[in-house]
Amino acid sequence: MKKEEVGNCVSCENLSCLMKKNYAADNYATAVANRMVIECKKSQSFIIEGAPIHGMYFVYSGKAKITKSGYNGKEQILRLTGDGDIIGIRGYSSRKVYPIAATALEPTTLCYFPNKFFTNELQTNSTLTYDLMVFYAEELDKTEERVKKFAQMTVREKVVDSLLSIYERFGQDDEGLKLVLSRTDIANLAGTNSEQVIRVLMTLKNEGVINCEGKHILLKKVDLLRKEIQEYNY
DNA sequence: CCATTAAAGTGGT
DNA sequence: ACCACTTTAATGG
């Protein structure tokens, strides 16, 4: 884990960032003074499952996966994160070690806040604390939805659901979805294996619903895909 | 540029 | 769903 401290912190332009949102210009300077900017290369893990909790991260730019390792070495992707997202936010439970791992999926810049600083902020800045509570509530909601989907969806539906969640979070351009994942990563997100993902992707391609060129996946008929899983959405 | 490893894809059980 | 295998792509020196 390579950490690089930047002497002169660039101003955070990311308006969805929880910190930026909850600080007036003058107080924000205090936050900036306490943060550390970390540059991550692709496939670099900046949080290791089981390592002692030391602080929390915001994604300044880039993308990362949050994972938990399973029984036979297979990992489960819990969620995907991008600009403005918070990572490592369970340092406030009684746990002393991170229950998850976080790995960059592309070159990623992180804002890091040591626990000591952030704990103090939570006790003094109630809007920040409230926003964080809303985040927790939404995460719990999403997790419960996912439990239902994992139990009830077919393999095909789980893959479709995963593709749509990537589409909704990250969008797509002419090339395809803006988050490029390996088949194995898609499988670990959907709760299947890479073979099944490969087969579902090929079927969808033959049906003309998506387009695949290497790792670039383009959703051609989003409405049709949504229709396939609509009964699972509330 | 080549060598080694990782990922994609296929077919059989 | 799982495993074994071939082909193809990515990585690193």
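First the proteins, then the strands, lettered A, B, ... as listed; each starts at 1. Every value quoted in this text rests on a predicted model; they were computed, and no experiment measured them.
- C:dA1 atom P lies 7 Å from atom NZ of A:K158, rounded to whole Å.
- Using a 4.0 Å heavy-atom distance criterion, A:T192 is classed as a sugar-phosphate-only contact.
- The interatomic distance linking A:R183 (CZ) with B:dT10 (P) rounds to 11 Å, in whole Å.
- Within a 6.0 Å radius of CZ in A:F135, other residues, nucleotides and ligands contribute more than 12 heavy atoms.
- The CD atom of A:Q196 sits 17 Å away from the C1' atom of B:dA7 (whole-angstrom rounding).
- Judged by distance alone, with hydrogens and angles left aside, A:E195 brings a side-chain donor or acceptor within reach of the base of C:dC3, the pair sitting under 3.5 Å.
- Per the geometry, CD1 belonging to A:I198 stands 14 Å off P belonging to C:dA1, to the nearest Å.
- Other residues, nucleotides and ligands contribute more than 12 heavy atoms inside 6.0 Å of the CD atom of A:E168.
- Within a 6.0 Å sphere centred on NZ of A:K42, heavy atoms belonging to other residues, nucleotides or ligands number 12 at most.
- Note on A:S194: every side-chain N or O is 4.0 Å or more away from OP1 and OP2 of B:dA8.
- Rounded to whole angstrom, the span from the CD atom of A:Q44 across to the C1' atom of C:dT11 amounts to 16 Å.
- With the nearest nucleotide of DNA chain C identified for both A:G191 and A:K215, A:G191 has the one nearer the 5' end.
- Comparing C:dA1, C:dC2, B:dA8 by their closest approach to the side chain of A:R199 singles out C:dC2.
- Considering A:E139, A:E145, A:E144 in turn, A:E139 is the only one that fulfils the salt bridge (Lys or Arg N to Asp or Glu O under 4.0 Å) rule with A:K142.
- Distance, A:H216 NE2 to C:dA10 C1': 13 Å, rounded to whole Å.
- Distance from the side chain of A:N193 is smallest for C:dC2 among the nucleotides C:dC2, B:dG11, B:dA8.
- A straight line from CG of A:L201 to P of B:dA7 spans 16 Å, rounded to a whole angstrom.
- Atom NZ of A:K205 and atom P of B:dA8 are 14 Å apart (whole Å).
- Here the side chain of A:D131 pairs no donor or acceptor atom with the backbone of A:L128 at under 3.5 angstrom.
- Side chain of A:M202, nearest nucleotide from B:dG9, C:dC2, B:dA7: B:dG9.
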